Structures are given as structure tokens and as C-alpha cells.
Amino acid sequence: MQADELAYYPFISEASTHVENLGISLDSLLNSRAYRAARVRGIERVKEALEGEIRKPPVSGEAQILSELLSYPFARMLVACVDDQLFTRRYALAEAKAAYTLLRNENPAFLLKIGEDFGISADFKTSYFNMHFTDYIRFSNSLKDPAWKLTNRQFRAGEVKITREEFARLLEEAVREHIEQSFPIPEIPAEVTSFCAPYVAEIKDQFEIQKKKFGATDFGTVEPELFPPCISHALANAQGGVNLAHSMRFAMTSFLLSVGMSVDEILNLFNISPDFDAEKTLYQIEHIAGATGNVYKPPACDTMRTYGNCVGKDRLCEKINHPLAYYEKKIYLKNREREKEEEKETEKKKEAGKEEKKKSGKEKEKES
Amino acid sequence: MDSRTARFLKTRFQNYYKNAEIGLPDHLPNREWAFIFYDDMPDKMMHRHKAFGSPGEAFDYLYGMAPAHVYNSTAYYEYPDARKMNEKNWLGAELIFDLDADHLPNAPRNYADMLELVKKETFKLMDFLLDDFGFSEQEIELVFSGGRGYHFHIMSPKVLALGSAERREIVNYISGKDLDFKYFFREVAMDGEFGAGSKTFKGMKSVPVKCTLVGYDSGWGKRIALYLTDYMKAECRKKYKKDMFPELRRYEKVGDTTIKKLINLTNSENGLSDILKKGRLDFDVRNFKDIAAYFMKESVEDFLQRFGASVDEPVTADIKRLIRVPGSLHGGSGMLVKKLALSELEKFEPLNDAVIFGERPVKVTVSKPFSVQLKGRDLTVEEGKQEVPEYAAIYLICRGVAEYGHRRNQPGSI
């Protein structure tokens, strides 16, 4: 592959081998003036990822190509130092989307070559591709449109027929998964950590602000009225003294733990169950909570349906595939609502006159 | 089951395991094994996290312990005998399918009929595995479970790394879940790329389009073509025209003229073969594509009943499943967990071919009346002291309706 191509697709193995062969030391990547542009672009990459989209303008000339290429490993260092799973996912998604934008316009041979790097076996047949179904479902599984369902595809002898555009889209998923799984980086050298610290702090601050907007995963106070239908149903049953199926009990308990309820609080919920056995229940809850070293995540919607624990979708359910995502989304919507309210409030206050403002100003002065 | 009965079964099983041909899994040292023993009865305690380094070890163990139930993991592990699942280090897993009468809607209660129904389902699944998924016969291992169904094991290297979600997608495909006919009945531009769907081409405003059944020659598309043409054929075989296509008459786009044209199409020389072999849907019949889509949508339940195979979804989705070992005995029936070549399935009679014990008379005390067909014989036993052939005695005991020997007082059932 050409150097500029490697710069556009820096996550493929050929690109990382190429970077290795350049023999640039960590120290010089961090400190040398020669790589300043690479570092600047690296920071830009991460910040653009925060906004949602990494732009990849055309690069030309050896220097620019090298900067673009090296900006990727540097950006990865930053992401590794931020060390936040949610942020890593955001970054991987942004890199993948940027890759898709470029891949859409690449020729079939090139797509096949990139595909090979992700272990995809496929063939190009004059106007379409054949992709082995194992590779196809590996990457189409995360796509929600029913057009991606294997059932709705042309499928013969293990091969799924797909268009060029679809191939590029599946590669986006492959890139996302590849980048996501390359984190966390086990041992980050101390010099990297200290070098990145100021940028990391800034990124974290920005991300916190965004997270608040988006509802985030750190749920704060538990708000049972925002639970998805399946969990609400199970809760109502547990509290009404109805026995829950083991799989539902597990789903509910792991869900409640994930949204921040304590083992004791959950134990109280089960207290009313007809076959309540405090010690056994405590053991089960603690087991799910991770006392034995395994932390169990609540099952996804698919699994809930498999075991018959889905009580039926509401409108929000259509948009998510995990009970926790439902809760996150609800919190986000509620927070947005509250923000709007608050904005209205402040508007009102402004209008209410300057008297109060002056007062509070004085009080603040006193405090300081 | 009382201890004397358990001892009896254990000796009989032991006798079998002395010379049994066990279908050991590939990569034996990477498999976890699990057992339920007669010594623990009536508690069904599962002993797991066992591993064997060599075939001899496994055979010796089976003969020595003569377990009631024998399982191994569909998964390959680095440390199959580690006590905790996350310490085993999962390396991959066979793709498995479990077809069980328990999961079939309206399964008959009679054992023989039940098995016959599952067999039909098994053929449907086989069709998917060979044609759609393209596995070769050598890659598919078919096993009669010794109970109420069949297991398929697929060990082709491409499938071993598949995760739960991907395996679930495979089950969805086989059952036809999420099937949406709009992806099959489509208008396609006569020229241009596959799937482009563009109606402007090289400056021309409207490119000629044809209505097609996309993918008519493979997968679900092929099944749709078959279902649709079968329906048309069946309707046109009716005696009176007024009785034909009642389902379609309910559709607002279908009037008498359309029905007449449909009949002509069905009876014409190439009508149906154009659908089956070319996927063509643009005939003299106006809106044929929409009519066909309407019909399929209305009959989707019957369609999926005919072509979809219902496999046990959680089993396939579980990448750390324990499954019965071919060549072992099923402790709940005393029957053989039997490996079959795909070509043997047609003639396979579980209630004859998987019954391995002999004819020697055995005294049993039956706790409730029971009837079953075994070895081609209708066997009906009444409550109380009985003498039956050994194979029947073992079956009755394993099913929990009899104890070994003649008892003065009837034992409590288990």
C-alpha cells in the first residue's frame, strides 16, 4: 500500500508495521520538534472524536503524510491515558466513521485488501461481493436495520451477496471493533502519562460535560420510574410476592446493581418473595455483584427475548438493544427536560430584576 | 430410585461401557467433561470440570464409573479442568443445534409420534445447513440424543470463534424470524449495478424496470418461490374457478380479471418456471409483485411452519454448553446417544436402533401403568410386579416408572 493510503487507514496492520519500521523512538515522538505537527493532529483527532466526527482532509507531501500517519499512535496514547471505556468507544466509533467515509469511494480490490486485514474472506463478482456468512454476521450483528438480517439477504452455500457500499459499511464495524478491542493498553510508560496529563485533563473535562448532557453511565440516584418495561415488570412481581424465573431474577439483580443499587437494597426487594431465603439470596446477589471476581452485566434485549423475559417493547425499546441503554436514554431525556426548565428559570430570574443579583453578589463577597 | 435399582442400572451400563464405541470429541484434552452418577441418585448432582488427556483415560473412566449421564463441552478450553469458568480460557466452540420435541409447538404426546415429528424438523435443518450455510456432509455430525431429539455438531474452523450474538443470528435465519418480504419482491432497474435501485440512468429519466423475486434461486428467496408456485398450482387444480384463490380475492388489487390472468399464467407453459428459475414476476397480471407480496405476508405463519426449523435457541447461543457424548447412554431412557451419517437419518428408528439392551427377562415392580413401542413391539405394563425383557426393564426404570426386582410394598415414586 502507498504511504498516503496508510496515513488514511492507520489502524491496519501494514500501517503499524510501517510505523515500527520507521524506527522513531517514543521520546522523539513525544518531544522532538519534527513531530510537533503529528502531535497537534493527534490531539485534534481525539477532540474531533469527542465532537463525533474525525475529518480527514486530503494529505500530500511526505511531511504531511508522515504527520497524519503518526498522529494516530499519538492519539491512541491520549485515549489510553484517558482510560475510560465509554470514551474509548466514542473514539473508536469516530475513527470508524471517518474510515467509512473514505472506504465508500475505494475500489473493490482495495476493499478486499482492507477486509483481509480483519480476516474477512470475500470475493468480488463483477458487480457485487460474496462474503462468508461467519464474517458477515460478525460485523452486521451490531447494525439495526432489518435489511442486514441474514434472513433478508441473498444467501447461498455459505456466501452472502453484498454491494460495495455494504462492504464498506461492514468494514466500518470491523474498524470500530478492532480499535475498541485494542484498549486498554496494559502498561503505559510513565513518560507518556506525564506528557499527556494536561491534554488528558482537558479531554476528560470536556467529556464529563458531554456525559452529563447524554445521561452517562454513572447514574447517580436510582430512578425506578425510568426503568425499562422488563425490569419494572419484574420489580412489580418481586414486590407483589410473585416468584421470578431464575434468568429474570439474574437480569433484574444485575440491572439494579449496574444502576447503582446496593446489595442490601436489593436484598430488601426480594424479602417479600415467597421462596425468600435471606442467606441464599444474599449469596446470589453478592455473586452477581462480583464477590467471586466475576462482575456480571445485565443481559441484552436479545438474551431477554430468548428466555422469554421481554414483556413487550414500548417505543423507546425499538431504539435500543440493551435494558441499560433504555435507562441511560431516559435519564438523558429527563436531564434535557430539566435543563430546559432551568434555562427558563434563569431567564425568569434575570427578568425578576437586579436586586436579587446584587444581594447574592454581596453574599458571595462575604464568603470569599 | 432405590439403591438396589441404581446398582442394577449401574452394572448394566458398566457392561455396556466395557466395549462401547465412544465418539470422542476432537481436541480431547481441551474439552471439559461432566457426569451424573447413579451413586448420587436421587440427587441429580452434576460432577464437572473433568478433563481427559488421552482416549484411554476417558474409556477407563467411563467403564470404572459407569455414569448415568455423560456430557462434554462444546467449547475448547486451554484449561478445561479449571474450577471457575473464567479461568478455563475459552478458545472456541462447536456450533451446535438441538432439536427437541419439548420445543416444538403441538408436539404429540406419544413418544414414537413425537420422535417422528422431530425427525421432520431435522430434515428441514439439514437443508439449511447444506444448501444455505454450505457446510459439507463431513463437517456435520448428527447425533440422536437418546431422548427426544437430535443434536447437530459443526466443527468447521470458520464457526468456532463465533460469539453468542452471531449464533443467535444463525438460529434466527433458520427459523425465518425477522423475514421481511419487501426485501424479496422488488423492482429492479434493467440496467445498472446490483442493488443500485436507480431509476435514472445515463441521463434517461426512466429506466425500464423489472419486477423480480430477488434471490429466487437460493436461501429464503428459493423457499418463497416454491411456496408461491405450489399455492398457484394447488389453486388451479380446484374444480371450479370461483373457488380458486379465495385468499387473493380479499385483496383490493385483485378482481375477476386478475384471477383469470393468474389462472392462465399458472397453466401456461413457462409461467411457473419463470418464477422458479428466473425469479420473474412481471407478467401479464398487473401488480403481480404486490399480489405475491400480499399473499406471502398473509400466509407467513404457514410458510414458516413449512420451511423454518425450530431449534432450541439458548442451546445454540450458549458457547459453553455441555452436550451428551455420542456413544454414551442416556440415563433418562437407557437408550444410546447414537451418531448417525446424514444418509442414515431417513431410515433411522430411534425406538429400535438406539435400544441396545437384550431380551433376558427381568423382574420389575411398576409404580404406574405405562405404554411405549420398543423394538417394534407395543409394550404396555400395568402397575405391580412384572417380568419384562431387559431392554424394556431398563427403559421403564430410567423413565422412573419401575424399580428393579419384585417388591412386597410398592416403592415410593421418584
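Just so we're clear, the structure is a prediction, and the values are computed from it rather than from any experiment. All chains are named by letter (A, B, ...) in the order of the sequence lines, taking the proteins before the strands, and each is independently numbered beginning at 1.
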Can you tell me which portion of [X] sits under 4.5 Å from chain A's heavy atoms? Options are side chain, backbone, both or neither.
| X | value |
| --- | --- |
| B/Phe184 | side chain |
| B/Asp131 | backbone |
| B/Leu162 | side chain |
| B/Phe181 | neither |

Would you check if the side chain of [X] reaches a backbone N or O of [Y] as a donor-acceptor pair within less than 3.5 Å?
| X | Y | answer |
| --- | --- | --- |
| B/Lys289 | B/Leu213 | no |
| B/Thr316 | B/Ile96 | yes |
| B/Tyr71 | B/Glu32 | no |
| B/Glu169 | A/Leu150 | yes |
| A/His322 | A/Cys301 | no |
| B/Ser175 | B/Ser310 | no |

Exercise. Do you know which of B/Gly219, B/Ala165, B/Gly221 has the most heavy-atom pairs under 4.5 Å to chain A?
Worked result: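 The candidate making the most pairs under 4.5 Å is B/Ala165.
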For this session: Mind telling me whether A/Phe155 and B/Tyr173 have parallel, tilted or perpendicular rings, with 30° and 60° as the class edges?
Result: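 B/Tyr173 vs A/Phe155 ring planes: perpendicular.
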Exercise. Can you say whether the rings of A/Phe255 and A/Phe227 are parallel (under 30°), tilted (30 to 60°) or perpendicular (over 60°)?
Worked result: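 Perpendicular, since the angle between the ring planes exceeds 60°.
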Please classify the contact between [X] and chain B as side chain, backbone, both or neither, with a heavy-atom cut-off of under 4.5 Å.
| X | value |
| --- | --- |
| A/Asn141 | side chain |
| A/Tyr307 | side chain |
| A/Thr303 | both |

If you count heavy-atom pairs under 4.5 Å between each of [options] and chain B, which one has the most?
| options | value |
| --- | --- |
| A/Arg138, A/Glu159, A/Glu165 | A/Arg138 |
| A/Asp135, A/Ile137, A/Val160, A/Thr126 | A/Ile137 |
| A/Asn152, A/Thr134, A/Asp302 | A/Asn152 |

